Amino acid sequence: MRQMRWIRGAVPVSGAALVGLVLAGCAPAGDARPDKGGRTTASPVRSASASPVDGPWRAWVSSLSAEKGPGACGATPHQVVCTTASGGFVGRSRADGTVNWAVPGSGGGKSGPLVLDSADERAFTSSERVLRAANLRRGVRAWSRQLPAGRVAVGLVAADRTVYALDAPSDGGDDTDLALGAYRASDGSPVWREELHADPDGGLAAFGSRIYTTDGTKVTARDARTGAPTATTPPGTECPRLLSGGRYLVCTGSPASASDTFPPLRRLAPATLRPLATAEDTGMKPESGLVSPKGVLVLYEDSAEDPGAGAWNAYDLERPRRLWSYPTSSQGAGLAHGRFVTFTDAYGPPKSRLISMDLRVGPEGTGAAAPRLSPPPQQAWDGERPALIVPGGDAGHVVVAARIHPALHSVPLP
């Protein structure tokens, strides 16, 4: 069966113990110097006290026990939510990480993508051919709905009181045999379902009363109310992978590509899908990316021939230019309070830490915009494949999710 993925603008999802560690301080990184390739890195040179953390989030550690079968994890401003191996949900307290509620799954199958929709107070996932939703406020099952026989969800995205599911044959048949369905977030009632050609790994985007898909060559926009196509990209516009954030739509190369050359980075006009002026990318292999509401794309680009020697590169989408670069081997990242948060390189000293930097000036920032480092949290090293979860709102914390020895660590935002 095809592996299912969570597809949603910002942060891929899934999956540290802070033994004796309280993140009461962090070190700003000064002395930023360009490397031989012109990229800038930041080295911590002094420590400083962190600002007090306001709000209901606190530092804690929560083990993801084998009994719960952790799948994907995400967070809203109010709680952390994970899926279970059977398609259920578990909600944890933002104050201490304890389990507040649990919604059982079907008892079989593999947990699929996870989408959290705070506006509609819903969490969505899939298992086998069943779509499921939980009520985030009450911690109970909201609804479940079966896909047509022989179909399985390969992508989910939610917007404007609707959840969209991209489904494909469960036997891994022709990837062009896909369909996109729209369901009401409140009760799962079907709104429409359209057969289409799409790449199951190409990404979904939904905003501004439209839903967007790509088949690897062209992007199609559909009316969110009816599913009817409203626009396609002009001939010759390659789009193996869609990224979105705010009201921005960006095409990149595919991380699944076996090639060592990739289509150029391209911003699209959401209404017409015509290409807009876009900064020149590095030519490296695009792996993952985040788009801020104010139009900064932060893209992890790796070497196709020497994977692991990559960097996060920031691009201004409004005034097309590359802003900064930060070399690291980690793709775990998030956006919080106008800052980009990721891990320092797992292969060099000091041991991998969280680092936050101003979105526009990156590692070269000074003063209030200077990079800030956390102490080294446990299980943040590359071997644990750590993910980073950003709750949003005024949490003042982020969550590090270790995936080899599953655990969640709520730590103050550097």
Side-chain angles (χ1 to χ4, degrees), residues 1-9 12-13 87 112-117 120 122-133 143-233 237 239-244 247 249-251 254 256 268 270-273:
M1 187 178 75
R2 178 185 288 104
Q3 182 180 1
M4 294 181 285
R5 301 187 179 188
W6 173 39
I7 306 177
R8 187 176 174 89
V13 182
L114 170 67
V115 172
L116 301 181
D117 188 343
D120 293 319
R122 292 289 185 268
F124 306 102
T125 191
S126 66
S127 178
E128 294 297 334
R129 56 177 290 213
V130 181
L131 297 178
R132 290 184 176 83
W143 52 264
S144 63
R145 178 163 296 276
Q146 287 193 333
L147 295 171
R151 310 291 292 188
V152 63
V154 294
L156 292 177
V157 68
D160 299 326
R161 298 179 295 281
T162 306
V163 59
Y164 304 90
L166 185 68
D167 64 72
S170 58
D171 60 4
D174 188 351
D175 280 348
T176 62
D177 180 16
L178 272 71
L180 183 65
Y183 306 85
R184 288 193 180 92
S186 58
D187 59 11
S189 300
V191 180
W192 53 261
R193 186 171 184 270
E194 294 287 335
E195 295 183 355
L196 74 166
H197 293 289
D199 184 340
D201 298 320
L204 292 173
F207 60 90
S209 300
R210 291 182 176 84
I211 174 78
Y212 301 89
T213 61
T214 180
D215 63 6
T217 54
K218 71 176 183 298
V219 178
T220 300
R222 296 175 180 273
D223 187 292
R225 297 167 300 175
T226 66
T230 60
T232 58
T233 45
T237 307
C239 193
R241 185 66 181 264
L242 271 174
L243 297 175
S244 67
R247 292 181 175 268
L249 196 63
V250 182
C251 287
S254 169
L268 302 178
T272 63
L273 295 184

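Because the structure is a prediction, the values reported are computed rather than measured.
Here the side chains of Pro200 and Leu178 are in contact, with some heavy-atom distance below 4.5 Å. In this structure, Leu166 and Leu196 have side chains that are in contact, with non-hydrogen atoms separated by less than 4.5 Å. In this structure, the side chains of Val130 and Leu147 stay at 4.5 Å or more apart for every pair of heavy atoms. By the 4.5 Å heavy-atom criterion applied to side chains, Leu242 and Val250 are not counted as neighbours.
To the nearest 0.5 Å, atom CG of residue Leu156 and atom CG of residue Leu131 are 6.5 Å apart. Atom CZ of residue Arg193 and atom CD of residue Glu195 lie 6.5 Å apart, to the nearest 0.5 angstrom. One distance of note links CH2 of Trp143 with CZ of Arg184; it measures 11.5 Å at 0.5 Å rounding. Considering CZ of Arg210 and CG of Asp223, their distance stands at 7.5 Å, rounded to 0.5 Å. Interatomic distance, Ser209 OG to Arg225 CZ, rounded to the nearest 0.5 Å: 6.5 Å. Put simply, CG on Leu180 and OH on Tyr164 are 8.5 Å apart, with the number rounded to the nearest 0.5 Å.
Here the options are Leu116, Val157, Asp117, the test is side-chain contact (heavy atoms from CB on, under 4.5 Å), and the partner is Phe124; only Asp117 passes.
Here the side chain of Arg122 pairs a donor or acceptor atom with the backbone of Ala185 at under 3.5 angstrom. Between the side chain of Tyr212 and the backbone N or O of Leu249 there is no donor-acceptor pair closer than 3.5 Å. Judged by distance alone, with hydrogens and angles left aside, the side-chain atoms of Thr230 form a donor-acceptor pair with the main-chain N or O of Ala221 at under 3.5 Å. With Arg241 contributing its side chain and Ser254 its backbone, the two residues share no donor-acceptor pair below 3.5 Å.
For residues 147-162, the set of pairs meeting the side chain to side chain donor-acceptor pair (under 3.5 Å) definition, not counting sequence neighbours, comprises Arg151-Asp167, Arg151-Asp177.
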Ser189 and Tyr183: side chain to side chain contact (heavy atoms under 4.5 Å, CB included), yes or no, with the steps?
CA-CA 5 Å; Ser189 300; Tyr183 306 85; over 6 Å; no
